[in-house]
Amino acid sequence: MSMLEAATAVRELTLAQAIREALAEEMRRDPRVFILGEDIAEAGHPFKVLSGLVEEFGAKRVLDTPISEAGFTGIAVGAAMTGMRPVIDIMFGDFIGLTMDQMVNQAAKIHYMSGGKWKAPLVMRTTLGATRRSAAQHSQSLHAWFCHIPGLKVVMPSTPYDAKGLLKSAIRDENPVVFFEDKMMYRLKGPVPDEEYTIPLGVADIKREGSDVTIIATSSMVQVALGAATLLEESGISAEVVDPRTLWPLDEKTLIESAKKTSRVIVVDEGYGRYGVTAELASVIQEGAFFDLEAPVKRMGAMHVPIPFSPPLEDVTVPTEQTVADAARALCGAS
Amino acid sequence: MSMLEAATAVRELTLAQAIREALAEEMRRDPRVFILGEDIAEAGHPFKVLSGLVEEFGAKRVLDTPISEAGFTGIAVGAAMTGMRPVIDIMFGDFIGLTMDQMVNQAAKIHYMSGGKWKAPLVMRTTLGATRRSAAQHSQSLHAWFCHIPGLKVVMPSTPYDAKGLLKSAIRDENPVVFFEDKMMYRLKGPVPDEEYTIPLGVADIKREGSDVTIIATSSMVQVALGAATLLEESGISAEVVDPRTLWPLDEKTLIESAKKTSRVIVVDEGYGRYGVTAELASVIQEGAFFDLEAPVKRMGAMHVPIPFSPPLEDVTVPTEQTVADAARALCGAS
Amino acid sequence: MTTAVNPSKPDSRTGADLYLHMYRRMLMIRLFEEQVNDLYTRALMPGLAHLYIGEEAVAVGVCEALRTDDYITSTHRGHGHCLAKGASVDLMFAELLGKEVGYCKGKGGSMHIADPATGNLGANAIVGGSTGIATGAAFSAQRLGTGQVAVCFFGEGALGQGVLYEVMNMAALWKLPVVYVCENNMYNEYTHFSETTAGDILARGPAFGVPSEAVDGQDVRAVYDVAKKLVERARAGDGPSLLLVNTYRYHGHHVGDVSREYYRSKQEEQQWKTERDPIRIMGDWLVSQGLADRAALDKLHGEVKAEIDHGVQFALAAPYPSPDKVDQDVYA
Amino acid sequence: MTTAVNPSKPDSRTGADLYLHMYRRMLMIRLFEEQVNDLYTRALMPGLAHLYIGEEAVAVGVCEALRTDDYITSTHRGHGHCLAKGASVDLMFAELLGKEVGYCKGKGGSMHIADPATGNLGANAIVGGSTGIATGAAFSAQRLGTGQVAVCFFGEGALGQGVLYEVMNMAALWKLPVVYVCENNMYNEYTHFSETTAGDILARGPAFGVPSEAVDGQDVRAVYDVAKKLVERARAGDGPSLLLVNTYRYHGHHVGDVSREYYRSKQEEQQWKTERDPIRIMGDWLVSQGLADRAALDKLHGEVKAEIDHGVQFALAAPYPSPDKVDQDVYA
Ligand SMILES: Cc1ncc(C[n+]2csc(CCOP(=O)(O)OP(=O)(O)O)c2C)c(N)n1
Ligand SMILES: Cc1ncc(C[n+]2csc(CCOP(=O)(O)OP(=O)(O)O)c2C)c(N)n1
Ligand SMILES: [Mg+2]
Ligand SMILES: [Mg+2]
């Protein structure tokens with residue numbers, strides 16, 4: 001918990017409530033902000049994250065769209081270029097494939113291609129995360145695709161506090177920002193101050209200090225890492241948990257400093273483990289802290305399989321407190 | 001050059017010719033193989049890679065499609081599931097965003113989701129590579145996206161010989177395979193035997209032996225690495241050039257062995273440098289050879305900017321023989 | 001594997017047989033789905049379930065017009081299509097519960113039932129996601145000269161996905177034997193289709209060279225008749241068509257969607273259930289025509305119920321896959 | 001930045017002024033493109049160039065119906081649209097040569113000319129890629145109440161991209177002030193559109209709630225008249241429309257496409273050039289109406305040629321951006 005948070009925290013909100021509050025505040029502040037997506041108005045989104053917004057802001061600012069992800073993403077790009085501040089809702093992160101051309105060839109590049117003359121300040125909110133028994137087409141964590149693309153920013157909040165502060169910054173940002181919410185975290189509670197605040201994009205947060213091993217984790221894996229850290233404490237291992245909070249821009253400095261301090265690093269992310277986010281984070285660490293490391297950086301991501309439906313299968317595909325703690329013990333023992 | 005190649009090489013073909021020959025041979029061998037894409041029949045593709053195929057195989061097997069990348073990719077998935085062997089042509093790799101949903105949610109997953117009952121043996125051929133002055137929407141190397149996805153295979157040939165042998169294997173493979181061709185390499189010449197051969201997917205090739213530094217390079221970057229190796233020779237540095245040839249499956253063993261041998265590694269790939277292929281390759285090396293490395297693995301990819309049009313700008317965005325050689329010298333000097 | 005479907009001669013059922021069969025199939029879907037609802041409510045079923053109750057005449061009317069080796073693609077609301085095409089109740093339930101003997105070894109679940117033996121290319125959790133697959137299957141049928149036809153089921157929500165128009169255009173250009181069946185149950189999840197659909201749905205086919213027809217989706221005989229015509233048209237080499245079927249789902253978008261009044265009235269639901277129920281309409285018609293009496297229909301109900309109950313027991317008793325199966329079937 | 005466009009009153013040119021202005025603009029595009037061809041052939045221009053020669057009446061007829069602050073989106077074949085909307089010849093050439101003073105600081109090149117001052121949201125190298133952007137600009141205009149209209153230019157090849165139908169549907173639902181202008185020059189690169197387009201193009205608008213009209217794209221006055229009507233309709237709040245313009249490109253798909261006989265005959269090309277040339281048709285009409293004599297037209301030609309020559313000299317003399325600019329403008 002940051003200083004600010006500690007000083008002012010008076011309420012507990014769920015992650016869903018924190019997101020809704022960020023949207024409502026920004027929509028009150030700036031009449032150009034509007035939301036578009038499927039079943040988001042009266043239905044308030046299937047995950048109910050947006051309940052109440054259409055009542056306050058009306059159907060002109062909370063728009064139910066057809067099931068046309070490519071089309072309404074394209075419309076958002078054009079609206080952003082011409083003075084609006086669209087927030088797009090892509091119901092499941094698995095559907096971003098439909099939007100890749102609009103996001104990557106249009107939104108991400110228009111500023112550069114026009115020599116800085118146009119810009120596309122939009123936010124895409126979408127989900128990631130497995131273990132909801134939703135099977136292969138509704139459980140993916142595909143954020144690595146966007147991280148790869150210059151011109152985009154990628155945000156991965158892990159707490160209600162961060163979610164609210166980062167989303168407000170994302171909406172105010174002059175660039176296209178993709179904001180990933182773990183669908184299993186919407187009910188996670190945490191302190192969120194009454195007072196307005198924002199969190200700058202590009203600043204990592206040390207969620208827990210420690211000295212023996214650094215666990216760099218993203219989104220819901222931060223909670224997993226914190227749970228693992230508690231388990232490790234029982235084994236006498238002091239784990240530091242670092243949350244980059246935004247994958248681009250990436251606060252390399254904080255990550256590398258922690259790696260240098262502990263000399264052992266695990267990176268945990270819920271995306272597929274191959275050619276994913278863990279590879280970049282591990283590379284950044286080894287580039288910046290190679291000579292301080294006692295062991296290679298350990299990567300933990302989703303198993304390289306489509307996410308299965310059956311619970312006993314799905315449960316083994318993602319990192320858990322137990323597997324992360326085991327890996328940390330092995331890493332510490334192995335030095 | 002492999003043993004087989006050395007023994008039988010009698011002809012020089014361009015990379016484009018090698019690809020055309022692979023397609024023609026497979027179409028003769030298997031009547032289920034057909035090609036579909038834009039301007040590929042009479043026009044033989046804008047890069048003329050497919051010239052002559054419609055004349056031999058007719059319009060039923062070399063199909064001009066509308067400009068509907070998502071649609072004809074989806075049709076290929078269905079055709080592959082029901083007994084055909086489609087080869088899809090996506091004119092520029094920049095357009096794969098339009099196909100991501102079909103490739104990733106359908107083609108890659110149908111085998112798994114159906115418990116092994118259906119399969120989708122299709123090949124997507126497309127391009128990568130910059131420096132053609134084609135600007136930000138026609139110059140990208142987006143292969144990292146596909147590498148990230150379980151269920152897909154990704155092939156990156158660097159020579160006419162490899163291109164032919166790998167493409168034949170890709171067409172015979174029972175899975176969806178994405179085959180990336182560097183558009184600047186179509187005129188590259190190299191020996192290709194008259195006799196039929198295939199190259200298995202998942203086997204790296206050491207393009208040049210060396211002892212001081214390993215340069216792992218993909219696609220056209222292999223040629224850059226070989227050029228760099230020649231420059232390095234003049235500086236008394238012996239560089240080994242390793243070409244994974246397929247990024248998935250990945251021949252980790254060969255990569256790691258070379259890293260252990262030389263103790264210094266550079267990975268070079270033309271995709272964007274952040275959250276890209278170089279991150280995975282560097283991670284595999286550090287995981288497998290950490291205690292043998294003298295220095296962190298050095299990554300070289302495309303600059304994290306949309307590819308600019310203007311020649312003096314574009315030229316600095318991708319690794320060159322010179323920059324790779326410089327990096328290798330620094331790496332060797334720095335130990 | 002791709003040749004696991006054995007071509008069979010066109011269905012030879014006619015007259016009373018056919019009608020009773022259709023009635024039975026609709027009943028089976030209804031009872032199956034009621035059981036799913038129950039399993040889900042009792043927390044015995046993981047994940048989501050989108051019930052087909054109210055729409056039974058669509059799947060049954062269309063699939064009765066197909067050969068066993070004809071292809072279908074289905075949707076997130078797929079149980080009805082799978083059963084209508086001949087899926088086994090036991091293996092369906094087993095899959096829904098994530099069991100190893102299920103259609104997909106538990107890897108797919110409710111939204112991914114697939115079965116080569118009945119020509120089922122798969123349910124699909126991406127709206128519009130199977131439009132290409134069905135069109136591609138029709139492509140194979142044409143190229144391989146098998147005489148098969150492919151039917152692509154999709155909800156009216158999929159009219160929002162551009163890929164549908166891309167593949168319809170190609171199907172028309174290449175005269176592929178595919179029938180696009182749009183199940184207009186009036187809602188995209190929680191949004192009325194009129195808020196998401198401009199212009200004229202029926203005109204969307206011809207604009208892309210695909211002739212269109214509309215039919216009352218609560219009347220299984222009407223659905224069957226028009227489907228038969230369009231399927232035979234496709235089989236004869238005359239190309240694709242679009243069939244717009246007007247229907248209604250009685251339950252929520254998925255089992256958890258219970259409080260629905262903010263998007264549709266209880267009265268509307270009640271009206272469909274009492275006035276337009278496809279099973280009641282067909283039952284009444286069978287009786288009025290003297291093709292069955294109430295006792296025969298009741299007996300049928302008992303038989304179907306027993307089959308469903310057996311399936312549930314079978315599935316509940318079946319073991320889960322062992323975790324080490326998780327990385328099998330990724331690559332063929 | 002997004003407010004760099006100053007709303008201006010509707011164009012007040014009328015009668016002879018207007019017609020002469022349209023003639024001049026068409027001529028400017030023609031001579032500009034001939035110069036591009038020359039620069040490219042002499043290897044002075046990097047990359048690709050897709051010439052608009054033959055289609056001048058489309059861009060000019062439509063853009064004359066627009067206010068300066070109205071928006072357009074353009075395509076890979078975009079020079080004509082940019083010039084018709086008021087771009088400076090000098091800055092266009094500079095961009096085409098990759099020079100720092102060019103419209104996009106050399107970062108965009110031929111396929112990405114963009115200019116807020118003339119409402120140009122950008123040429124686009126993705127077929128169909130700007131259909132969303134134009135629709136979104138219309139959305140902003142409606143929400144911000146600026147009275148602006150957005151025109152989306154695209155080739156008939158973009159009819160293959162599903163996203164077009166997705167955004168047309170939303171434009172109709174939300175009554176957005178956007179005019180979709182389909183430039184049917186009969187070829188998708190090297191493939192005749194009839195091989196890629198089934199059904200009825202004009203029917204594709206109404207199927208999605210977008211009224212459609214067709215016009216002869218070689219007659220600039222006809223294009224102007226119908227565009228004016230559709231633009232005013234949009235501005236009045238009556239929603240989107242689709243304008244199908246039949247036209248022809250005289251040159252290859254791009255400058256390098258020289259041997260074209262495998263996909264279209266020299267005779268076909270010749271016929272369009274001699275019988276349907278938009279500049280000649282308009283010139284003849286101006287003379288026949290006594291609005292100009294040949295000498296005046298010749299003089300105009302000389303003026304335009306001088307402007308073009310100046311642009312080329314300006315661009316050739318301008319410096320390239322220094323390599324350290326490469327990572328500027330990635331983020332705003
Ligand atoms: C591409 C995509 N977008 C959104 C969703 C989420 N979603 C699942 S079902 C559904 C509504 C589908 O409506 P319709 O096609 O009419 O089918 P119905 O549920 O009425 O049978 C939506 C939006 C999805 N699965 N895929
Ligand atoms: C999505 C996409 N697919 C393919 C291409 C390659 N391509 C560039 S122009 C073109 C043909 C476009 O034809 P049309 O839209 O009729 O425009 P025209 O060139 O005739 O003006 C194609 C296929 C592309 N740029 N974008
Ligand atoms: Mg529906
Ligand atoms: Mg054209």
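In this text the structure is predicted, and so the values were computed from the model without any measurement. Excluded from the calculations below are hydrogen atoms, water molecules and symmetry mates; all remaining heavy atoms, backbone and side chain alike, are included.
- Proximity to chain A (any heavy atom under 4.5 Å) is shown, for B:A136, by both the backbone and the side chain.
- A:V297 and B:E287 make their closest contact through O-CG, 4.0 Å (heavy atoms, listed as atom of the first residue, atom of the second, distance).
- When all heavy atoms of B:H304 and A:W248 are compared, the closest pair comes out as CD2-CZ2, 3.6 Å.
- If you take OG1 on A:T99 and CG on B:D101, they are separated by 10.0 Å, rounding to the nearest 0.5 Å.
- Considering only heavy atoms from C-beta on, B:Q102 stays 4.5 Å or farther from A:L98 through its side chain.
- Minimum interatomic distance between B:S283 and A:A279 (heavy atoms only, all atoms of both residues): OG-O, 3.2 Å.
- B:W145 contributes atom CH2, which lies 11.5 Å from atom CG of A:L142 (distance to the nearest 0.5 angstrom).
- Here A:P308 is the residue among A:A70, A:A135, A:P308 with the most heavy-atom pairs under 4.5 Å with chain B.
- Both the backbone and the side chain of B:I149 come within contact range of chain A, judged by heavy atoms closer than 4.5 Å.
- Each of B:R299, B:M100, B:K298 has some count of heavy-atom pairs under 4.5 Å with chain A, and the biggest count is that of B:R299.
- In this structure, the portion of B:Q140 lying under 4.5 Å from any heavy atom of chain A is its side chain and not its backbone.
- For the options A:G97, A:C147, A:A108, heavy-atom pairs under 4.5 Å to chain B are most numerous at A:C147.
- Between B:H148 and A:G271, the shortest heavy-atom distance links the atoms CE1-C, 4.4 Å.
- Residues B:V154 and A:Y275 have side chains not in contact (no heavy-atom distance under 4.5 Å, counting atoms from C-beta outward).
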field: Intermediate values then yes/no, side-chain contact (heavy atoms from CB on, under 4.5 Å), B:R274 and A:V284
entry: CA-CA 10 Å; B:R274 284 316 189 123; A:V284 163; 3.8 Å; yes

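- Listed here is the closest heavy atom pair of B:G276 and A:E280: N-OE1, 4.3 Å.
- Contact annotation for B:L247: both backbone and side-chain heavy atoms come within less than 4.5 Å of a heavy atom of chain A.
- Judged purely by atom type and a 3.5 angstrom limit, B:Q137 uses its side chain to pair as donor or acceptor with the backbone of A:N105.
- If you tally non-hydrogen atom pairs under 4.5 Å between each of B:P150, B:G151, B:A144 and chain A, the highest count goes to B:P150.
- Centroid-to-centroid, the aromatic rings of B:Y112 and A:F309 stay 6.0 Å apart or farther.
- Between the CD atom in A:Q286 and the CD1 atom in B:I285 there is a gap of 10.0 Å [rounded to 0.5 Å].
- Summarising the geometry of A:F291 relative to B:A295, their closest heavy-atom pair is CZ-CA, 4.0 Å, with the distance given to 0.1 Å.
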